Number of protein chains: 2
Amino acid sequence: MRQASIRDVAKLAGVSTATVARVLRGTTPVSDALRERVEDAVAKLGYVPNAVARSLSRGRTQLLGLLVADISNPFFGEVARGLEDAAVAGGYQVLVGSSDLNPERERAVLAAFESRTVDGVALTSSTADSSTLRKLTASGMPMVFIDRRPADVAGPAVLCDNEAAARRAVQYLIGLGHTDLAMISGPRTMATAAQRLAGFRAACAEAGLSIRPECVREGYLGIEGGSKAMRRVLELDTPPTAVFSFNNLLGVGALSATREMGVEVPGEVSLLTFDDMTLFPFVDPPVTAIAQPAYQMGTEAARLLLDALANPAAEQPKDIVLPSDFRIRSSCAAPPPRP
Amino acid sequence: MRQASIRDVAKLAGVSTATVARVLRGTTPVSDALRERVEDAVAKLGYVPNAVARSLSRGRTQLLGLLVADISNPFFGEVARGLEDAAVAGGYQVLVGSSDLNPERERAVLAAFESRTVDGVALTSSTADSSTLRKLTASGMPMVFIDRRPADVAGPAVLCDNEAAARRAVQYLIGLGHTDLAMISGPRTMATAAQRLAGFRAACAEAGLSIRPECVREGYLGIEGGSKAMRRVLELDTPPTAVFSFNNLLGVGALSATREMGVEVPGEVSLLTFDDMTLFPFVDPPVTAIAQPAYQMGTEAARLLLDALANPAAEQPKDIVLPSDFRIRSSCAAPPPRP
DNA sequence: TTGTAGGCGTTATCAG
DNA sequence: CTGATAACGCCTACAA
C-alpha cells in the first residue's frame, strides 16, 4: 500500500488539505474539533509528511552538507558529530561527503550538494579552486569553512589558532634545549600547513635558531606520508633532535617510522604533533600534542550556518577562532648530548 | 537571480521541457540539432537540475540513511566511509545520524529518514524496538543491519564472526596459561555482546575453566564504562589474570584503568579486546585485538542495499558474515606466578 | 476559522 | 523523434 498522503488524511478527516497542513505545522489556528479529527486520521493512517514534497514546495531542504577529506579520520568524525548535534537541534540533518582531497571528487560532492539544494554547506579542508566555491556562494548558498579557508572566497570560517599554537609548542621544544628542529608539514597549498609552518619558523627565528632546508618536509597527507618524511629526516647525517608534525596522521606516521628504525622517543628525537588522539596518552611514549576543539568546531560551524539561514539579511559574520589545547605528555625531552 | 529551471532552458533552446529532460538523462534519442541547442542553453544558464523535484517526481531520492551510535567513533567512521564509497559509486549519497544508542534519538533519526524517503537504510548497533523497524520495512524500505541485528526483524545483516572470533582469542589466552579470566562485556541486550560473551564462555568451558560471576561485567558503553568495569575487576581480592574487552572504547577504558591503578600489562594482567584501532600497535604495550573489517562492512551493506533497490523483486538475501582478523601484539602474556 | 487552487521543478505518459 | 500535460505531495496566498 502506498504511503498515505496529506490528501488521504484530509479525506478521512473530512477537511481540506490546507487544514491538515495547518494542524501539522501548528502555524494558523484551527478549531479543536477539526484538529482532533485530523489527528485521529493521521494516527489511523500512520501518516508521515513527505519531506521531499515539503522541500520542493518551500524551497528549503533542512539539510546541511558537510564536505570532509575523510569521514573515517577521527578528527573529521568529531567535527561531523559536532555539526550534526547542532544541526539536529535546529531541525536540520546532515549529508556527508568525503573527498580524499581529490579535487575531482570534491567537485562531485559539491555538485551533489548544490543539486540537492542543501540549505548550507560546511567545508573542511577543501582543495576546491575558488571559482567552484564562488559559484556556489553566488547562488546564495550559505557556506562556512572549517579548519581553514581558501583564498579569496567569501564566507566565515571556524578556525584554530594555528600559528600561535604551533609557535607556542615549538617554543616549548626550544625551552627543552633543542636547537636543531624539523617539521613534517603538509602540502604548501594548505593554509593550515602554511600557518603552522609559520609558527614553527617564528619560534625558531625568535630564538635565533636557523632551520636547515632539508628539515622542512612537505609530507603527503596520511600515515604513510608521515612515515616517509620522518624516515628521510632521521636518515640525515646529523638528524634533528626534535620533530614537529603537521597533523594527527602525519604524527602517527612519524611515530611509526621511529619504531621501525629503532629510534628512541624522546631519547633520540622528541616528537610533537598537531591534533590529539584518544590513544595518544597511552602510546609509548605518551605523545605531546596540540589538541584542536574538533567537536566545538563542528557546532560553531552549524551555528554560523543556522544563523545565516534564520537571518539571511545579516551581514557576513566574522571568523571564529577557537583556542587549541597544548597537552604536554612525554614524547618530548631535552636533546641527547652531542658527541 | 533565481536558479534556472528546466523551463528556462527549454525556452532559451526553443524546445519543450521534455526534450531538455531527454538530453540531460540521455535516455531517449534526441536529434543532434536539438541536443546541441539544449546543451548550449544549459551552459549559458548554468543550469543545474533540481534533485528535490526529481526525487518527488520519480519517487526516489538516491539517498541512503546511515544510523550509527556515534559518527565520531572511528569504527563507525570506517563503516561510514565504506558505505559512502560504495553508495557514491552507485549514484547515491548518504545521510548520517548518530543516536548514542539513545532510543528516543534513534527513533527521531529513523523518522527523519522515513520522512525524507531515503531509498534505503543501514543500521548499525541499533537499539530500536523491533516494532519501529518493522513499520519501516513494512513500508517497503530496504534495510540492512550492520554489526548486529535486532531480533525478529527482516532484512539482511553484515556481521562479523563474533562468537568464533571471541572464542579463538580466548583460546589464545588460555593457551598462554591463564585459568582465571574476566570479560568486560556490553549490555546484555546487545546481540554482539551476547555472542562475544558466548565465545568467551565456550572457550573457557572447553578448557574446563570456570568463570567467576564477578568476573563478567556488563560495562556501560564508552571509555568511562570500560574503566569502571576494569577497576572493579582488578580490585577483586584475587583479580583475574586476563581480561577480554567487548569493544574498542571499553578496551581503551580498561587500559586506562590499569594505568591509573599502576597495574602492569601484561605483567599482572593480560588485556585483549574486540576492535582494533590505528594506534593500538603503538600503545604501551601494543594491544592485542580482534580487528573487524569495518570499511568492508560498510561497502557490503551498501551493496546489499543497492542490489535490493536495483532488483526489488529479488528475495531477501542471506546475511553476510565477514571474517575478523586476530592481531597478536604484546598486551597478553603468561599469567604471573601465583604466590 | 476553513476551503480552493495554483505553484514548486521534474519525469513520464501519450499523442502526434 | 518531439511536444503537451498530468502527476508527485505539500504549502500558501486568496477568497469565503
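This structure is a prediction, so every number in the text was calculated from the model and none was measured. Sequence lines set the chain letters: A, B, ... in the order given, protein chains first and strands last, and positions in each chain run from 1.
We find that CZ of B:R7 is positioned 6 Å from C1' of C:dG9, with the value rounded to whole Å. Regarding B:L24, its CG atom lies at a distance of 13 Å from the P atom of C:dA12, rounded to whole Å. Atom CG in B:D8 sits roughly 15 Å away from atom C1' in C:dG7 (whole-Å rounding). For A:R37 and C:dG3, the CZ to P distance is 8 Å, given to the nearest whole Å. Taking atom CG of B:L56 as the reference point, atom C1' of C:dG7 lies 12 Å away to the nearest angstrom. Between the C1' atom of C:dG3 and the CZ atom of A:R35 lies a distance of 17 Å, rounded to the nearest Å. In this structure, the CG atom of B:N50 is 9 Å from the P atom of C:dT11, given to the nearest Å.
Using a 4.5 Å cut-off on side-chain heavy atoms (C-beta onward), B:V94 and B:L63 make no contact.
Here CD of A:Q62 is found 7.0 Å from CZ of B:R116. Values are rounded to the nearest 0.5 Å. If you take CG on B:L304 and CG on B:L83, they are separated by 11.0 Å, rounding to the nearest 0.5 Å. Atom CG of B:L322 is separated from atom CD1 of B:I146 by 11.0 Å, given to the nearest 0.5 angstrom.
For C:dG9, neither phosphate oxygen OP1 nor OP2 lies less than 4.0 angstrom from any side-chain nitrogen or oxygen of B:R54. When the side-chain nitrogen and oxygen atoms of B:R25 are compared with OP1 and OP2 of C:dT11, one or more of them lie within a distance under 4.0 Å.
In the interface, the side chain of A:R22 is paired with the base of C:dG3 through a donor and an acceptor atom under 3.5 Å apart.
No salt bridge links B:D40 with B:R35; every basic N to acidic carboxylate O contact stays at or beyond 4.0 Å. A salt bridge does not link A:E300 with A:K318: none of the charged nitrogens is closer than 4.0 Å to a carboxylate oxygen.
No contact: A:S55 has no heavy atom under 4.0 Å from any strand. Among the heavy atoms of the strands lying under 4.0 Å from B:V15 are primed sugar atoms or P, OP1, OP2 only; no base atom is included. Among the atoms of the strands shown, none is found under 4.0 Å from any heavy atom of B:V23.
Nucleotides of DNA chain D that come within less than 4.0 Å of any heavy atom of chain A span, from the 5' end to the 3' end, D:dG9 to D:dT12.
By the 6.0 Å contact criterion, CD on A:E104 is open, its count of non-hydrogen atoms from other residues, nucleotides or ligands being 12 or less.
Closest to the side chain of A:A18, out of C:dT11, C:dA12, C:dT4, is C:dT4.
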